[in-house]
Amino acid sequence: MAFWLMKSEPDELSITGLGTQGTARWDGVRNYQARNFIREMNEGDEFFFYHSSCPEPGIAGIARIATAAYPDPTALDPESHYFDAKASHEKNPWSAVDVEHVRTFRQVLSLGFLKQQAALGELALVQKGSRLSVMPVTAEQWAAVFALTER
DNA sequence: GCCAACGTTGGC
DNA sequence: GCCAACGTTGGC
C-alpha cells in the first residue's frame, strides 16, 4: 500500500464535507506531475487530506483511494470549471480517482507545525516554491505525521 | 490584496 | 529550442 498527500480547497471539498458524503470524485487535477501520481494510485492507498488556500492551511484528516485512476469527466464538460477544450473522449489527458473518508483530525496539523518536523523535510509540501497538489508520502513520513495526531 | 515561484503558451 | 509574457497556485 502506498501513501500520498493531496491538496483541496475546503470551499470545494473539505475533510468534513467528505465525511458527510462518504465518497467523492477527486477531479480537476490539471498538472502533469500531479496527474502522473494520480495514475500510480491503487485502491486501498491512503492519503493525507490537506486544506489549501484557506484560513488554516494544513493536514485535516485521512482518506482512502477507492478506485484506480480513470479519465476525468470534468475535462469533457463545457460547464465545468475544469473543462479542457483539447480533451476528447478518445484522448482525455486528465485522470481522476474516487476517494472515501477515513478520519477527520480533531485539530488540523498546520503547515507551520509541519514545517517544524525534521522528519518531513523531504516532503514537497514543505519545500520552498513547491505547488505540487498531489505527492507521494513515504512510510516514514506517514508515521511521523500520524504520531503527531495521537497525543 | 500582494507577491514569489512555478508552469504553459506562443512568437521568433 | 529559446525565452518573454502570461496565468495559476497558495501562503501570508
Side-chain angles (χ1 to χ4, degrees), chain A residues 2-21 23-41 45-65 69-138 140-142 144-149 151:
Chain A
F3 299 111
W4 308 93
L5 182 147
M6 298 211 278
K7 296 180 183 174
S8 176
E9 300 188 13
D11 287 349
E12 293 281 323
L13 179 67
S14 70
I15 188 71
T16 47
L18 181 60
T20 302
Q21 293 173 228
T23 64
R25 186 176 65 210
W26 201 282
D27 54 27
V29 172
R30 294 292 180 270
N31 168 282
Y32 286 104
Q33 199 180 354
R35 181 211 65 184
N36 291 341
F37 288 133
I38 293 266
R39 290 182 175 180
E40 290 178 26
M41 292 175 176
D45 287 358
E46 292 191 322
F47 65 95
F48 289 129
F49 194 121
Y50 180 90
H51 285 173
S52 66
S53 297
C54 60
E56 195 185 9
I59 297 174
I62 294 172
R64 184 183 297 121
I65 304 301
Y70 57 89
D72 183 349
T74 64
L76 306 176
D77 176 7
E79 301 296 310
S80 171
H81 177 242
Y82 300 114
F83 177 65
D84 179 357
K86 284 179 280 189
S88 65
H89 276 99
E90 296 72 31
K91 257 198 153 174
N92 183 346
W94 304 115
S95 297
V97 287
D98 289 349
V99 304
E100 58 189 6
H101 182 268
V102 173
R103 178 178 164 195
T104 299
F105 292 164
R106 293 166 72 188
Q107 277 193 309
V108 172
L109 301 176
S110 75
L111 179 60
F113 182 55
L114 296 171
K115 282 180 173 172
Q116 293 171 26
Q117 309 303 319
L120 302 179
E122 297 297 311
L123 188 63
L125 180 75
V126 302
Q127 282 166 14
K128 187 173 184 287
S130 172
R131 299 179 314 183
L132 193 59
S133 62
V134 178
M135 68 192 75
V137 173
T138 67
E140 292 76 16
Q141 291 164 341
W142 184 269
V145 173
F146 209 86
L148 299 172
T149 69
R151 47 187 73 181

Within 6.0 angstrom of A:Q127 CD, more than 12 heavy atoms from elsewhere: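 Result for CD/A:Q127: enclosed.
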A:M41 vs A:M6 side-chain heavy atoms within contact, under 4.5 Å: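 Yes, at least one pair of side-chain atoms sits under 4.5 Å.
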A:W94 ring center near A:Y32 ring center (under 6.0 Å):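 Judged by ring-centre distance (under 6.0 Å), A:W94 and A:Y32 do meet the cut-off.
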Closest non-hydrogen atom pair, A:L132 against A:F37: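 What the structure gives for the nearest pair is CD2-CE1, 3.9 Å.
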Geometric class of the A:F47/A:W26 ring pair [parallel <30°, tilted 30-60°, perpendicular >60°]: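 A:W26 and A:F47: perpendicular rings.
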A:R30 and A:T74 side chains, donor-acceptor separation under 3.5 Å: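 Yes, A:R30 and A:T74 have a side-chain donor paired with an acceptor closer than 3.5 Å.
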Within residues 120-136 of chain A, residues whose heavy atoms come under 4.0 Å of DNA chain B: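 Under 4.0 Å from DNA chain B: A:K128, A:G129, A:R131.
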A:W142, A:W4, A:F3 screened by ring pair (Phe, Tyr, Trp, His ring centres under 6.0 Å) with A:F48, the one that passes: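 Checked A:W142, A:W4, A:F3 against A:F48; only one passes ring pair (Phe, Tyr, Trp, His ring centres under 6.0 Å): A:W142.
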For chain A, the stretch of DNA chain B it reaches, first to last nucleotide, under 4.0 Å of its heavy atoms: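 Contacts span B:dA5 to B:dT9, reading 5' to 3'.
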